[in-house]
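Quick caveat: nothing in here was measured; it's all calculated off a predicted structure. Convention: sequence-line order gives letters A, B, ...; per-chain numbering from 1. Computed over heavy atoms, backbone and side chain alike; hydrogens, waters and symmetry mates excluded.
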2 protein chains.
Amino acid sequence: MRIGELARRAGVSTRALRYYEQQGLITARRSANGYREYDEDDLRLVAEIRALLTVGFTLADAEPFVACLRAGNATGGSCPESVAVYRRKLTEIDEEIRTLLVRRAEVAAQLAGSCPGCPTGKQGEK
Amino acid sequence: MRIGELARRAGVSTRALRYYEQQGLITARRSANGYREYDEDDLRLVAEIRALLTVGFTLADAEPFVACLRAGNATGGSCPESVAVYRRKLTEIDEEIRTLLVRRAEVAAQLAGSCPGCPTGKQGEK
DNA sequence: CTTGACCTTGACACCGGCGTCAGGGATTAC
DNA sequence: GTAATCCCTGACGCCGGTGTCAAGGTCAAG
């Protein structure tokens with residue numbers, strides 16, 4: 001399939017696909033007229049990339065997962081490099097959460113000081 | 001005082017001070033030679049801006065606080081506009097925390113699937 | 001032959017808060 | 001005089017993942 005079809009099926013823009021290629025995450029055969037040609041495996045790779053991006057991974061983070069899939073593994077997370085990224089991302093996320101919790105407490109304290117009686121509870125907190 | 005002294009005392013770069021001015025947060029008198037001149041009140045404003053930036057506010061978020069101080073209030077958070085920003089930031093932070101918690105769970109689940117037995121607990125969690 | 005839908009590469013725009021360099025002028029000390 | 005240290009404005013760079021426009025080539029249908 002060509003880039004337009006892959007884009008539609010993967011739910012991304014053609015711009016994004018070219019960018020992934022430029023970043024070395026996907027490659028494309030070229031037909032005689034210079035058009036990029038993709039197969040079902042490429043769709044799989046793009047789906048993996050999208051899934052990772054939506055949970056906050058960067059394209060660089062996604063690289064081991066793509067390589068893992070290309071190596072024939074059932075999932076992109078099956079390789080030790082991918083597992084290492086998972087763990088790093090977990091610690092990064094935890095760090096961000098801690099930072100936000102501290103900030104939240106600071107802002108809530110400031111609000112309480114400036115506006116006694118103002119509610120400062122988290123939404124959805126019982 | 002001139003910009004270099006204010007920068008040193010406030011712990012920011014001169015570039016940052018010019019940027020705050022460009023964004024309309026602070027203003028400066030000009031001496032005959034065109035140099036910016038600041039006073040102690042300006043130092044106070046910059047301190048307020050820095051405090052807000054470090055808890056994740058943008059310069060736009062900081063604007064009501066600066067205005068509040070300039071209006072003669074004891075703290076930048078004493079005005080209703082500032083309180084509104086406090087509350088908005090609290091909901092934004094809460095939203096970010098929720099997003100991160102969801103992501104964390106997703107990543108942890110993926111890791112658990114790819115690497116049975118791998119620890120996925122939050123650091124510092126008992 | 002022409003229209004239209006597809007494809008190509010290249011490059012600027014965005015967001016935020018600056019860092020940093022270029023190319024000057026001002027002031028003070030020696 | 002001149003060196004050192006300050007100041008000025010203007011403008012590009014950064015980061016990440018695109019959106020979007022420019023200016024063209026390709027191909028099938030009518």
Side-chain angles (χ1 to χ4, degrees), chain A residues 1-39 42 45-66 85 88-89 92-93 96 99 103, chain B residues 1-39 42 45-66 85 88-89 92-93 96 99 103:
Chain A
M1 77 193 89
R2 289 178 308 189
I3 197 170
E5 185 182 347
L6 177 59
R8 270 190 304 277
R9 292 177 61 185
V12 305
S13 66
T14 59
R15 176 71 176 90
L17 293 177
R18 295 195 188 97
Y19 183 64
Y20 300 159
E21 178 177 325
Q22 190 190 338
Q23 299 303 304
L25 287 173
I26 58 178
T27 57
R29 281 160 291 127
R30 295 298 183 122
S31 46
N33 56 18
Y35 289 7
R36 290 172 178 82
E37 273 297 325
Y38 302 94
D39 56 29
D42 293 317
L45 295 186
V46 175
E48 180 85 12
I49 292 170
R50 294 310 300 183
L52 293 170
L53 285 183
T54 58
V55 293
F57 284 44
T58 66
L59 286 182
D61 291 332
E63 200 276 337
F65 294 80
V66 172
V85 173
R88 177 169 53 75
K89 294 307 279 188
E92 288 177 8
I93 293 172
E96 284 187 65
T99 299
R103 280 187 193 172
Chain B
M1 78 191 87
R2 291 177 305 188
I3 197 170
E5 186 181 346
L6 177 59
R8 270 190 303 276
R9 291 179 60 185
V12 305
S13 65
T14 59
R15 176 68 176 92
L17 292 178
R18 294 195 189 97
Y19 182 64
Y20 301 159
E21 179 177 325
Q22 188 190 340
Q23 298 304 302
L25 287 173
I26 58 178
T27 57
R29 283 161 290 126
R30 297 295 183 125
S31 45
N33 56 17
Y35 289 7
R36 290 172 179 82
E37 273 298 325
Y38 301 95
D39 56 28
D42 293 316
L45 296 186
V46 175
E48 179 85 11
I49 292 171
R50 294 310 301 182
L52 293 170
L53 285 183
T54 59
V55 292
F57 284 44
T58 67
L59 286 180
D61 292 332
E63 199 278 336
F65 294 80
V66 172
V85 173
R88 177 170 53 74
K89 294 307 279 187
E92 288 176 8
I93 292 171
E96 284 187 66
T99 299
R103 278 186 193 172

Take D39(A) and R29(A) through the test side chain to side chain contact (heavy atoms under 4.5 Å, CB included) and record every step on the way to the result.
CA-CA 9 Å; D39(A) 56 29; R29(A) 281 160 291 127; 3.7 Å; yes

Give the intermediate values and the outcome of side chain to side chain contact (heavy atoms under 4.5 Å, CB included) for residues I26(B) and I49(B).
CA-CA 10 Å; I26(B) 58 178; I49(B) 292 171; 4.0 Å; yes

Are R2(B) and E37(B) close enough, and set up right, to give a side chain to side chain contact (heavy atoms under 4.5 Å, CB included), and what steps lead you there?
CA-CA 5 Å; R2(B) 291 177 305 188; E37(B) 273 298 325; 3.2 Å; yes

Begin with the C-alpha distance, continue with both residues' side-chain angles, and end with the deciding distance and a verdict on side chain to side chain contact (heavy atoms under 4.5 Å, CB included) for D61(B) and R88(B).
CA-CA 10 Å; D61(B) 292 332; R88(B) 177 170 53 74; 2.8 Å; yes

Could you write out each protein N or O paired with an N or O of nucleotides 2-4 of chain D at a distance under 3.5 Å?
none

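The overall bend of the helix from dC1(C)-dG30(D) to dC30(C)-dG1(D), read as the angle between its terminal helix axes built from five base pairs each, is 40° when rounded to 10 degrees.
Separating the CE atom of M1(A) from the P atom of dC6(C) is a distance of 16 Å, rounded to the nearest angstrom. With rounding to whole Å, Y38(A) atom OH is found 16 Å from dC6(C) atom P. For the pair E37(A) CD and dT8(C) C1', the computed distance is 14 Å after rounding to whole Å. Remark: C1' of dC18(C) and CG of L25(B) are 14 Å apart, rounded to the nearest angstrom. Between E5(A) atom CD and dC7(C) atom C1' the separation is 14 Å, expressed in whole Å. The separation between R30(A) atom CZ and dC6(C) atom P is 19 Å, rounded to whole Å. Spacing between atom CD1 of I49(B) and atom P of dG16(C) amounts to 16 Å, rounded to whole angstrom units.
Looking at heavy-atom distances under 4.0 Å, R36(B) makes contact with sugar-phosphate atoms alone, never a base.
The phosphate of dC6(C) has neither OP1 nor OP2 within less than 4.0 Å of any side-chain N or O from R2(A). Contact annotation: R18(B) does not reach the phosphate of dG19(C) (side-chain N/O to OP1 or OP2, under 4.0 Å).
Looking at T14(B) and R18(B), their side chains come closer than 4.5 Å, going by heavy atoms from C-beta outward.
Rounding to the nearest 0.5 angstrom, the gap separating the CZ atom in R50(A) from the CZ atom in F57(A) is 14.5 Å.
Of all the heavy atoms in Q23(B) and L59(B), the pair that sits closest is CG-CD1, 4.0 Å. Residues A10(A) and V46(A) approach most closely at CB-CG1, 3.5 Å, considering heavy atoms. The two residues L25(B) and A62(B) have their closest heavy-atom pair at CD2-C, 4.3 Å. For the residue pair S13(B) and A7(B), the shortest heavy atom distance occurs at C-CB, 4.0 Å.
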Nucleic acid footprint by protein, nucleotides 11-26 of chain D - heavy-atom cut-off 4.0 Å, B for base, S for sugar-phosphate alone
B-----BBBB----BB

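With respect to the salt-bridge test (charged N to carboxylate O, under 4.0 angstrom), the residues E92(B) and K89(B) qualify.
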